Amino acid sequence: MNFFSKLMQLDRRWVYLLLVIVCLTAYYSDFTVPTIVEDETKAIYDFIEALEPGEIIFVAVDYDPSSQAELHPMTYALVEHAFRKDLKVIFTALSQNGPGMVDQAIRDITDSLKLPKTYNGIFYEGKDIVNGIDYTFLGYKPYYAIVITAMGQDYRILFPSDYYGTPLDSIPMMRRVHNYDDIAIVVDISSGSITDAWISYGQGKFDFPLALGLTGVMTAQYYPFLQSKQVMGLMGGLLGAAQYEQLADNPGLAKDGMRVQLPAHLLIILFILIGNVGYLATRYKERKV
Amino acid sequence: MEMISIWIAAILTLGIFSFLYKDNPLYKACEALFVGVSAAYWAIVFYFDNIYKKFYEGAVTAEEPDYFLWIGAILGLLFLTRLVPKIGWVSRWPMALIVGATAGLWMVGYFVSNAMNQIGNTISNIIARDELTGAIAWGETFGTMVILVGVVSGLVYFFFSKEHKGVFGATAKVGTWFLMVTFGASFGYTVMSRMSLLIGRVDFLLGDWLGILR
Amino acid sequence: MKRQIPLVIVFVFGTLMVIQYFVPHENSEIVKGFLLDWIVIIGIFALALGLWSLVQVSIDKINSRKENWEYPLVTLISLTVMIFFGFTSHAEDASWWGYFLAIAVLLAALWMLAQGLMGNAANRNVKSLSALGLVIVFSLLAIFDGSWEFKFYTAEGLTNQMFVHFFDYIMIPLQATMFALLAFFITSASYRAFRARNLLATLLLISALIVMLRFTPGPWGEYLAKTSSWVMNVPNLAAQRAIVIGIGLGIVATALKVILGIERGYMGKG
Amino acid sequence: MRNSFEKTRASRALLLVFVCSLLLLIVSFSTSVSAQADNDSDTPADSILALAAPAPATDLKAFDTDNDHGHSITIEWTLSADDGAGANSVISYRIMKSESPDGPFDSVGLVPLGATSHVNSSAIDKNSEGYFSDNTDYYYRVEAMTTNAALFSSSEIVGPVQSSGQWFNAGLVPVLIAILIFTILTMIFVQLAKKGMDLYVRPLAGIEAVDEAIGRATEMGRPILYVLGLGSAADIATIASFTILGRVAKKVAEYQTELNVPCYDPIVMAVAQEVVKSAFIDAGRPEAYKDDIVHFITNSQFAYVGAVNGIIMRDLPATNVYMGKFFAESLILAETGAAAGSIQIAGTDEIPQIPFFFVACDYTLIGEELFAASAYLGREPELLGSLKAQDYAKAVLLASAIIGILLINIFPDFGETFKSWFEVID
């Protein structure tokens, strides 16, 4: 067995070990990767930025703990931006373990809004975010396609009360809010096929502006909908979140993560190159023989 | 308490990661624990959401009970006849209802969103013009042409009942090129999100557990 | 007959839903609502079947004492404990000992019951009897221990401290770590599979490389970012669209075959 | 909220108008104050009220909204002369509704300036807010509003008008026609196929591998793992997978190989048990069927994957078949299977996952191929016939796309009409 064929059959565990080493090194180092903002992300930011205080946005948190590393940064960046702009937010979680995600996000964002902060040169006072006035969390119901359709008629059909058991009619911000007609935009932050339902059963049927925050994997699949204007904006993966953070001038989870990305990507490319060098070299030898 | 919990979480995290080296007792234990806890968690959530809130409150204790829900319950009971071998075949009725209803439900919806709308989107001006000057935008024009070629050749690849040879075969071949480019790009695009997941766990292990965050 | 009735049901409800799509009238929406409700409720009964299957397979493995028989035991214990958490509430500042004692008694009772009913061990009657005894002890604990109680009608179990803890510190880390394995698998998969074997494989390789290098800093990166965005927006869009249309047709054809009774494989008739 | 882009634009414009009128007010106020200095008889209040009521909206029309479930009336009007022109004082329109032409009228909606229509609708549920019943007479009027709440002007009253639900959505005619064509095509080809028409299908490597893989498993004495994915019985991909499972199970029973089908969804489990059981009966080996061949694991994505990973590493199946709906777990399963040395065949309609299966598995059915697989495996003329119909439908769509593009580039007007037939929103 020569060097090249050995190179080609390198045990996968060496690959894993190197990946760990590279990630840890990058994690502990201190450099920033500049982010180029794409139009898809800017469209969402601009839309939220242009809303008047008091308008309601609808944030569908359709992921669970397994995708939180990638999608939480988006939710945080977007919801924090909305709250700073005095918008109101309705949350739903249509994936099974989603409610925990919303709970956690609300807790963290509420904490960080208590502090005054300056974004893009504008100073914002710290403030208290109050359940029922600034936001409402409807909760989880299975069979998302049905839920999305029913909410086009009235949120009360499937959510007579919110996640915490308060009847919707006794929640101040929900009193005059019934369906998609009463909100400015739906932002679906999702790690699965719930997004399809939002497009066909939500946007397709009720014609509201729909923005998507997706995991990197899914992003490619949804470009056609961006082109056909069924979707007004799209954030893809950690990079999308980093772009939103950049626009909102609020560096957070996503920017931190980007630092590890670059070396890890380069490592994978290195592996691909090694594999190919090995492959081509052995093939060349075989031909000679 | 918090300390113990984080230690447990950390051990479980390492237990799953140990699978990368090889299958081992710690991984097996984590897996078994995970199956039990998650099945129970889901059952509990399902109970309170559906059995209790939806059915019990809707069809039993409500002021105007929704008797149609009882038909659902009867269908559910029919489903349970599987447990009795002699009349087990009755359980096919609710199955048939689910399959039939969903087939009908999706059929037209998918046809509209996947076939008709996508064809509608494909029908567009090939020659793109600059909005201000009206001059031909060559870059975009090239793009729309490539899209057209890709859609047509991709669809040709999916023909099943015609042999892939001659012009037809060549077109199908171009279709496979497009598929390859797409697969490669989606794969490459995903690497980043997968790395973020790892970063999330590293964050937990080094930050929350060992407390040696930068 | 046994084969015919399900086919008729499929045809009737399938056609009904197709027609429903074209009828905007409120009665049509109401019919659809009922059908969907029924499916949800059938799901409730199915879940019971599912859990039963899990328990049965686990007990069989335990009783066989074959290699790795201990792990299904872990599954069953965690299943029982988590369900117990979900249906009970614990007084906030009361001691936890009574609660844990109850869990221990419950587990012991179930263990004896499983041995007594399904086991192949000797003295099954003794085991069944002791299971009965343990169940009585458990009931007494449930009635007289004031530090915790059963809650079947309010979702207090969901906020039970132990339930939340199990979710936060067992389910979440396990779930997230299982998912994070992908970072490793995507690395090994690209190392193993991206080889320039032929034209198609080379195309796959090149487009992956371009996209992966898209956020390298510097002018080179900016160029690649533009190229990869072109790849995503043009050839990717085209191929995705072809796949999407194909899937749409596949789904319509399959649904049609099912409704018309041409496809019966899902009922075991191939 | 029908069009929120317009709404934001409108609200910006609204802000602009508001600021402008504020400026106007200040200017008029200051001039009046200075006028007051000159002439005490003129009061500032008078000069504010001097703003005249705006011209009313005209040509009011109210009619039942088309193609809906009822409880909805559309109101249209022509802009007030003072909206964006004239005195430019209109900032919004208030839609008023009554059950009698004599009132009382209640507000049912407020739309920003520049809007010329409003849909007054309610939910089907009687208890919902703003509910109104079908087949009842209603009267409407529209009020052009200014910044001063007391200063508005009403249009004439229209009515009576009734709402009603329609029994057919006329907007979906192209879809209905297309579905009918598809159904007829399928029926024709199924009949032709039954009569013995020769039907060619091109080879699909993934399908041909299935037979071979079962043989291989038998030789090696190792089991076959069949994963139905994370879909529910309500996903067509899962239904397609059931059919494939049926064929695989039948061969497995014939070859007397072991089969393992771990499930994620309980309903899917029950159906799969039925499928496998029937397949074993068909193969003449009902005694070999056990209920634990198809078993439930858990309804949680990654716990399920963890358990399946365990099965792969411990049982070392000769072949892993993944068919149905798959999400992020696709690569976890496929890489673990590759490490265990299993032959892997996959198929899914989840587009983001296709690349991972493609890269890590030996054979992959791409999208539509999954749905065609049952016809390939069964080789029954009926199924092959419907495959032919599917191809014809594809050809029709392809031709429409090309014709549409030609039309839109040569006869733009007709082309747009043609295009609109395909852009149906239900």
Side-chain angles (χ1 to χ4, degrees), chain B residues 5 8-9 12-13 16 20 28 32-37 39-40 44 48 50-51 68 72 75-76 79-80 89 92 94 96-98 100-101 103-105 107-108 110-111 114-115 118 143 146-147 150-151 154-155 158 177-185 187-189 191 194-195 197-198 201, chain C residues 2 6 9-10 13-14 17-18 21 34-35 37-42 44-45 47 71 74-75 78-79 82-83 86 155 166 169-171 173-174 177-180 182-184 186 200 203-204 207-208 211-212 231 234-239 241-242 244-246 248-249 251-252 255 258-259 266:
Chain B
S5 307
I8 291 172
L12 296 176
T13 304
I16 297 289
L20 290 169
K28 287 179 200 168
L33 177 72
F34 195 7
V35 168
V37 171
I44 292 286
F48 283 119
N50 290 326
I51 303 184
F68 278 95
L75 288 169
F79 198 72
L80 287 189
W89 52 275
R92 287 186 178 174
L97 181 124
I98 294 180
L105 182 68
M107 192 171 121
V108 195
Y110 268 98
F111 189 73
N114 279 36
Q118 293 297 331
V146 173
I147 290 180
V151 172
L155 270 180
F158 283 114
W177 296 348
F178 273 91
L179 288 179
M180 289 309 118
V181 170
T182 302
F183 292 166
F187 192 101
Y189 214 91
V191 173
R194 298 315 182 223
M195 289 303 149
L197 301 168
L198 182 58
R201 290 330 284 162
Chain C
K2 284 185 193 176
I9 296 179
V10 167
F13 284 94
M17 290 307 259
V18 171
Y21 192 91
F34 282 133
L35 271 175
D37 274 349
W38 293 350
I39 295 177
V40 173
I41 292 171
I42 296 173
I44 297 172
F45 290 86
L47 183 67
Y71 300 104
V74 176
T75 304
S78 51
L79 181 76
M82 192 70 174
I83 288 183
F166 264 51
Y169 293 101
I170 293 182
M171 262 183 83
L174 282 170
T177 314
M178 205 66 218
F179 201 179
L182 273 171
F184 296 95
I186 207 167
L200 291 183
L203 279 171
L204 186 80
S207 74
V211 175
M212 270 192 252
V231 169
V234 178
N236 171 60
L237 181 104
R241 196 173 272 169
V244 164
I245 295 174
L249 285 176
I251 285 181
V252 180
V258 166
I259 294 172
Y266 61 92

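Nothing here was measured: the structure is a model prediction, and the numbers come from that model. Chain naming here is simple, since letters A, B, ... match the order of the sequence lines and numbering starts at 1 in each.
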Closest non-hydrogen atoms of C/Ala238 and B/Gly150, given as atom of the first, atom of the second and distance, are CB-CA, 3.7 Å
Tell me whether B/Asn114 contacts the main-chain N or O of C/Val244 through its side chain, where contact means a donor paired with an acceptor under 3.5 Å.
yes
Specify the closest pair of heavy atoms between B/Pro94 and C/Ile42, including all atoms of both residues, with the distance to one decimal.
CB-CD1, 3.8 Å
So for C/Phe179, is it side chain, backbone, both, or neither that comes closer than 4.5 Å to the heavy atoms of chain B?
both
If we define contacts as heavy-atom pairs under 4.5 Å, which of C/Leu79, C/Val211, C/Thr177 has the most with chain B?
C/Thr177
For B/Leu105, which atoms come within 4.5 Å of any heavy atom of chain C: side chain, backbone, both, or neither?
both
Determine whether B/Val181 and C/Asn236 satisfy the following criterion, side chain to side chain contact (heavy atoms under 4.5 Å, CB included), listing intermediate values before the conclusion.
CA-CA 7 Å; B/Val181 170; C/Asn236 171 60; over 6 Å; no
Highest number of heavy-atom pairs under 4.5 Å with chain C: which of B/Val146, B/Leu33, B/Leu179?
B/Leu33
On a heavy-atom basis, which atom in C/Pro6 and which in B/Arg92 lie closest, and how many Å separate them?
CG-CB, 4.0 Å
Of C/Val258, C/Leu47, C/Leu237, C/Ile44, the largest count of non-hydrogen pairs under 4.5 angstrom with chain B goes to C/Ile44
Side-chain heavy atoms of B/Leu97 within contact of C/Phe13, under 4.5 Å
yes
Full working for side chain to side chain contact (heavy atoms under 4.5 Å, CB included) between B/Phe187 and C/Leu204
CA-CA 9 Å; B/Phe187 192 101; C/Leu204 186 80; over 6 Å; no
Give the minimum heavy-atom separation between C/Ser207 and B/Gly184, together with the two atoms involved.
OG-CA, 3.3 Å
Side chain proximity check, B/Leu75 to C/Ile41, heavy atoms < 4.5 angstrom:
no
Between C/Leu203, C/Ile170, C/Ile186, which has the largest tally of heavy atom pairs under 4.5 Å with chain B?
C/Ile186
Counting N and O atoms only, with roles assigned by atom type, does the side chain of C/Trp38 sit under 3.5 Å from a partner on the main chain of B/Phe68, one being a donor and the other an acceptor?
yes
Any chance you could measure C/Phe184, atom CZ, to B/Arg194, atom CZ, to the nearest 0.5 Å?
14.0 Å
Verify side chain to side chain contact (heavy atoms under 4.5 Å, CB included) between B/Phe111 and C/Leu249, making sure each step is shown before the conclusion.
CA-CA 7 Å; B/Phe111 189 73; C/Leu249 285 176; 4.2 Å; yes
Residue part contacting chain C, namely of B/Phe34, when any heavy atom lies under 4.5 Å
both
Would you mind checking which part of B/Phe178 comes under 4.5 Å of any heavy atom in chain C, side chain (CB onward), backbone (N, CA, C, O), both or neither?
both
Any donor-acceptor N/O pair, C/Thr75 side chain to B/Ala32 backbone, under 3.5 Å:
yes
If one checks every heavy atom of C/Val231 against chain B at 4.5 Å, the contacting part turns out to be side chain
Hey, does B/Ile147 have a side-chain heavy atom less than 4.5 Å from the side chain of C/Arg241?
yes
Contact leader toward chain C among B/Thr13, B/Ile98, B/Ile8, B/Val35, where contacts are heavy-atom pairs under 4.5 Å
B/Thr13
Shortest non-hydrogen contact from C/Met17 toward B/Ala101
CG-O, 3.4 Å
Can you measure from CD1 (C/Ile251) to CE (B/Met107) and round to the nearest 0.5 angstrom?
12.0 Å
Is the distance between the ring centroids of B/Phe79 and C/Phe45 under 6.0 Å?
no
